[in-house]
Amino acid sequence: MFQSKIAGIGFYVPKNIYTNHDLTRFMDTSDEWIQERTGIKERRYADRIGETTTTMAVEASKIALQRAGITAQDVDFIVFATLSPDYYFPGSAVLLQREMGMGEVGALDIRNQCSGFIYALSIADQYIKTGMYKNVLVVGSEKHSFALDFSTRGRAVSVIFGDGAGAVVMQPTQEAHKGVLSTHLHSDGSEAEKLAMYYPGSSSGIWLDTMPEWPEQELGGLLMTPKMLEDGTAFPYMDGQAVFKKAVAKFPEVIHEALQKNNLSPADIDLLIPHQANLRISQYVQKLLGLPDEKVFNNIQKYGNTTAASIPIALCEAWEAGLIKEGDLICLAAFGAGFTWGSALIRW
């Protein structure tokens, strides 16, 4: 069996910068309040009309392909992670295939939110290890800004998230002990409603404490109602304390799992790149692992939480800054809605 390696990497963030102070024009908040709770100073928002999850993915993918020394025609499989696809269906992977003029290759969409890129990377790793594919394009892209509640009512969620895209090209390698050493994936749906966007959805609200008032009719009518938009039910919901509590337990657990699998310790890590969910979570995990500042990469201060895009954006930015060198041990870890979480250990 082959090992899989990252042969090319790229990222794209929109030009529109919104600082914490900018958000005070839309809601009752402050720079101090946001930074104290999240560490975020600013984030990027895609153009309201014209820029999409897929168009940002195209820009990141172009860079990744160029750096891998291949063209779009060389890609033989796509794995696209996002919670904000251009359409409810079909997924964004086929739109990416179309926009980049690729052949009729397989296109897979991953709906694992913040841990989506880790899941996507793991899937690509398996396909390459078995020899089924040679050039797998793995993408994480998000346009959160189109559906956030930019009011005081929605500030606990809306101040956290930003837009952007990251992509990597995965290829086989026969170099010993190089590339993806292992990936580790987990889930626990017992608290799925703690971080979720409930509508539109086929459950009609049966898993929730309060069922919406649906129109009286024999069939259909369960997609969305005007009242949901008025009262905020249509927007994403997050129980911040519940998410934080679970994340600070599962982040270090899944990192240790990856290290133990490869007979390594935290001291062996050259760079930890956590999903950029909250700077306070990253700092807590860093302390538990006993890692110095130079061994943990955070960029949530500039981009906010870009969900499935956050790890590839951070990975690419760290690589471009010269913080990742040949032979370095890189640990990726993520936790998000579902709850789902995972880690990947890579020998660069």
Participant: Please work out which of the three classes, parallel, tilted or perpendicular, describes the rings of Phe77 and Tyr133, given edges at 30° and 60°.
Facilitator: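 Because their plane-to-plane angle is under 30°, the rings of Tyr133 and Phe77 count as parallel.
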Participant: If only side-chain N and O atoms count, and only distance matters, is there a donor-acceptor pair under 3.5 Å linking His184 with Ser343?
Facilitator: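 No, because no side-chain N or O of Ser343 sits under 3.5 Å from a partner of the opposite role on His184.
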Participant: For residues Asp293 and Gln286, is any side-chain donor paired with an opposing acceptor at under 3.5 Å?
Facilitator: yes
Participant: Which class fits the ring pair Phe161 and His144: parallel under 30°, tilted 30 to 60°, perpendicular over 60°?
Facilitator: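 Rings of Phe161 and His144: tilted, 30 to 60°.
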Participant: Does any donor atom in the side chain of Asp125 or Thr183 lie under 3.5 Å from an acceptor atom in the other side chain?
Facilitator: no
Participant: Quick one: do the Gln276 and Asn305 side chains pair a donor with an acceptor below 3.5 Å?
Facilitator: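 Distance-only check fails for Gln276 and Asn305.
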Participant: Under a single-linkage rule joining Ile, Leu, Val, Met, Phe, Trp and Tyr whose side-chain heavy atoms are separated by less than 4.5 Å, which residues share a cluster with Val13?
Facilitator: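 Members besides Val13, by chain and number: Phe11, Tyr303, Ile313.
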Participant: Taking the side chain from Asn262 and the backbone from Leu264, do they hold a donor-acceptor pair closer than 3.5 Å?
Facilitator: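 Side chain of Asn262 to backbone of Leu264, a donor-acceptor pair under 3.5 Å: no, none is there.
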Participant: Would you indicate whether the side-chain heavy atoms of Tyr12 and Ile63 approach each other to under 4.5 Å?
Facilitator: no
Participant: Do the side-chain N and O atoms of Ser158 and Asp149 include a donor-acceptor pair separated by under 3.5 angstrom?
Facilitator: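 Asp149 and Ser158 do not have a side-chain donor-acceptor pair below 3.5 Å.
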Participant: Please say which of Ser84, Ser141, Ser145 ends up in a side chain to side chain donor-acceptor pair (under 3.5 Å) with Asp163.
Facilitator: Ser145
Participant: Among residues at least two apart in sequence or on other chains, which ones pass ring-ring contact (aromatic ring centres under 6.0 Å, His included) with Phe150?
Facilitator: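 Expected list: Tyr45.
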